[in-house]
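Each chain gets a letter, A, B and so on, in the order the sequences are listed, and its residues count up from 1.
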Amino acid sequence: MRQGRAYIALVLTPLQWLVDLPAEVADEVSDVVVDRGLLMRENARLKIEALELEQKRQQLAALEEENNRLRALLNGRARISDEVELVELIGVNPDPFQHQIVIDQGSEDQIYLGQPVLDAGGVMGQVVEMSHYTSRVMLVTDARHAIPVEVNRTGFRSIALGKGELDELELEHVSATVDIRVGDLLNTSGLAGRFPRGYPVAEVTEVIHDPGLSFSIVRAKPLARLDKSRHLLLVKHNEPQRSPEENPGSVVTEAQQ
Amino acid sequence: MNEHSQGGGLIIFATFLFGIVLSQMPLPEFIGWARPEWMAMILIYWVIALPQSVGVGSAFVAGIVLDVIRGSVLGANALALVFVAYFAAMLHRRMRVFPIWQQSLLVMVLIGANQLILHWVQALVGYTGDSLLFLLPALVSAFFWPLMFLILRRVRRTFYVS
């Protein structure tokens, strides 16, 4: 079944490109037809940004070294930095019930099912369906998606469920006594082995303690620009992979165990 | 005659291809709910116009293609479109003599049924969403029907598809 689907999708790949063509042309045109002043301003901004990032990176190198030394002292495994690969978005699922996007690489490019996808802001989702030259990515906000997270400040672990809204995630089973505040950063916790640890996912936007409910309601806003990013990163993540035959619907159950 | 019907098949195929492209066009999020069901409309037109050559079989193939490109459950769109094609074929004599606004109403009902079946199948496998907005495309499609009908009729007459 999956194989058949992949082949039909292969036949439809040119159509997929055709549909994407106007957006691509518009991109090209706006690259060519652009005001010089705008470019200079952008250039200046990017220079400042690069400088800031450079400065952070300098500290990071020292911290990473220190972290590895400490881990070695504790007999822990050194953290391997993940390999990433740049991919481009070529389609969006028109069905508003499904938050899925199509990217321009498939099984011919050594992509695997369940592979995490990031953008500059944070985690976007995971690969759920592959054809030969395209594949489908389920976004973290899809109503069937769940991602294990931890609060950066306290290390409290939870699961962020998609709600089917583009700018909202909800944390599950957060008891009323947990220390969690608006503005807390949620990182991937790396549990369940699907997403690598430590990538930003969302920022808490609302915490409601309702005495009538046994858990508090915690809402968060994804940090990835889910509806705007065109260039995405695929992470080659070296954790042992779960069986690739699992369908995306089982992501939730897997994470809840 | 034979030559004609072959060329006609090609034209019909091309309109369906165009329908797929239209139904994949990226739209801003807030209009996403109101996307007309182009494929179902094109199918209804051809079934009414040429019930002897476009029918349940073509609907099935179109549905499978739509499933793959939309990423829905394989067979969901196929089932819905087969339904639509069947009823359109049953009603085609009546629909041909209706004035265009009355056709629009029927198209709304047919596409509403299409949306219901689609939503029902998707819900069976766990796509949740409690909003009734999924019925909106029926209304929008009915609105676009006269335009679609006139364009496709022009296409049919220009290329002598019969």
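- Annotation for B/F143: atom CZ does not count as buried by contact number, only 12 or fewer foreign heavy atoms lying within 6.0 Å.
- More than 12 heavy-atom neighbours from other residues, nucleotides or ligands sit within 6.0 angstrom of CZ on A/R230.
- Here the closest non-hydrogen pair linking B/R70 and A/Q100 is O-OE1, 4.4 Å.
- Annotation for A/F156: atom CZ counts as buried by contact number, over 12 foreign heavy atoms lying within 6.0 Å.
- For chain B, the nearby part of A/L18 is the side chain; its heavy atoms alone come within less than 4.5 Å.
- Here the CD1 atom belonging to B/I20 is positioned 6.5 Å from the CG atom belonging to A/L12, to the nearest 0.5 angstrom.
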As a quick check of understanding, evaluate side-chain contact (heavy atoms from CB on, under 4.5 Å) for A/L15 and B/Q24, giving each step before the final call.
CA-CA 9 Å; A/L15 266 186; B/Q24 272 303 102; over 6 Å; no
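- Within the 4.5 angstrom heavy-atom criterion, only side-chain atoms of B/I64, from C-beta onward, approach chain A.
- By the 6.0 Å contact criterion, CZ on B/F83 is open, its count of non-hydrogen atoms from other residues, nucleotides or ligands being 12 or less.
- Heavy-atom contacts from other residues, nucleotides or ligands closer than 6.0 Å to CZ of A/F215 number more than 12.
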